[in-house]
Amino acid sequence: MAFNLEKLLRPHIANIKPYSSARDEYSGKAGIFLDANENPFGSMASGSFNRYPDPYQLDIKQKLAEVKNVFANQIFLGNGSDEAIDLLMRAFCIPGQDNIILLPPTYGMYEVSAGINDIEIQKVNLTEDYQLRPDAILEAVNESTKIIFICSPNNPSGNKVNRKDIYQVLDNFNGLVVVDEAYIDFSDEPSFTTELEKYPNLLVMQTFSKAWGLASLRIGMAFASEKIIKILNLIKPPYNISGLTQEKVLEALGNADAIHQVVKDTFVERQFLEAEVSKFPFVKKIFPSNANFILIKVDGARAIYEFLIEQTIIIRDRSKVVLCEDCLRVSVGTREENEAFLKALNLFKP
Ligand SMILES: Cc1ncc(COP(=O)(O)O)c(C=O)c1O
């Protein structure tokens, strides 16, 4: 059975008439704008913020299309990737009826978003080394399964997911396969955006919050077929990316090559952390990372976490997460921050 987007879509969404904003009805840049009830006199903050921003962020998409080697109409921009996660559930999953498949341990927002939208969750745990179990995933699929979320590199484990397993899921599932690549810039694995032409059931998510260093601006990317992108645009709030954010993201895109240095520095610091952390007797295992953080298995995770907080070093205790018993997740910091973390760890008495 082939992928059928029209069938996957919630029927009422197909019939929705989108809100038509002032900037939808007239998108030209020159003129006297008396159409959107804005304040023509200026802003109460320094800068020019009195006009509504481009609802489709076309300048960003044009530039991003070049950087990511996709077409501009294959790009959706959201208020963080978290907005895309929520919109996908609202577009494709009927509350109280449909389900999605999650692969724990993984990023927490998929479950939270599903909960908010009253979408049932089916969980198929990863293996001990945090790889997919594609046969088990496909067995869990039933006629109400609409989306499978795969995170690669995975959060909180940091590893990249074997490509052949992702292909197996893409080849055998007629719903939507989301590959969340929030950490792809740090990975030696190429992005799945190259597969968009081949797989109409694929949606790739990335974010400006990590390697691009723009977490505070809140902007995430989704790449998919033009048809899927149109659906997300149809149901998003009209001006979901602020003008200030659009301005700053364009600036960052003009400086896209700077990412290479960030990635190099992160790699050097990650190796430094791995080497130094492995010397502590209470460290049992450091999981291989393709991201800007490492997952560390220790003896007594909670005690270490609490001790570090006393030293004002904040990491994540992931011990309560399935397959992460006694695991701590540490983001890669600057050399100064990493040394402060190691110094504090040195003071810990088990
Ligand atoms: C795997 C993964 N996806 C998505 C996100 C959310 O990114 P954004 O800041 O774009 O909402 C995160 C944030 O930590 C993440 O780890």
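Order of listing sets the numbers, starting from 1, for every ligand and every atom in it.
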Validation row, ring centre Tyr130 to ring centre Phe287 under 6.0 Å: yes
Consider ligand 1: state whether an atom of it lies below 4.0 angstrom from any non-hydrogen atom of Cys151. yes
Within reach of ligand 1, part of Phe208 (heavy-atom separation under 4.0 Å): neither
Are there over 12 heavy-atom neighbours, none belonging to Asn142, within less than 6.0 Å of that residue's CG? yes
For residues 338-350, please give each side-chain donor-acceptor pair under 3.5 Å, one per line with the distance, not counting sequence neighbours.
residue, atom, partner, partner atom, Å
Asn338, OD1, Gly333, N, 2.9
Asn338, ND2, Glu269, OE1, 2.9
Asn338, ND2, Gly333, O, 3.0
Asn338, ND2, Thr334, O, 3.2

Can you tell me which portion of Met205 lies within the under-4.0 Å heavy-atom range of ligand 1? Options are side chain, backbone, both, or neither. neither
For the aromatic rings, using the six-membered ring if either is Trp, is the centroid distance between Tyr183 and Phe293 under 6.0 Å? yes
Taking heavy atoms and a distance under 4.0 Å, where does Met109 meet ligand 1: side chain, backbone, both or neither? neither
When you look at CZ of Phe282, are more than 12 heavy atoms from neighbouring residues, nucleotides or ligands closer to it than 6.0 Å? yes
Is there at least one pair of N or O atoms, one from Lys210 and one from ligand 1, spaced under 3.5 Å apart? yes
Under 4.0 Å between heavy atoms, the region of Ser81 that gets near ligand 1 turns out to be both
Is the Phe192 to Tyr167 ring centre distance short of 6.0 Å? yes
Of Asn155, Leu217, Asp180, the one whose closest heavy atom lies nearest atom 2 (C) of ligand 1 is Asp180
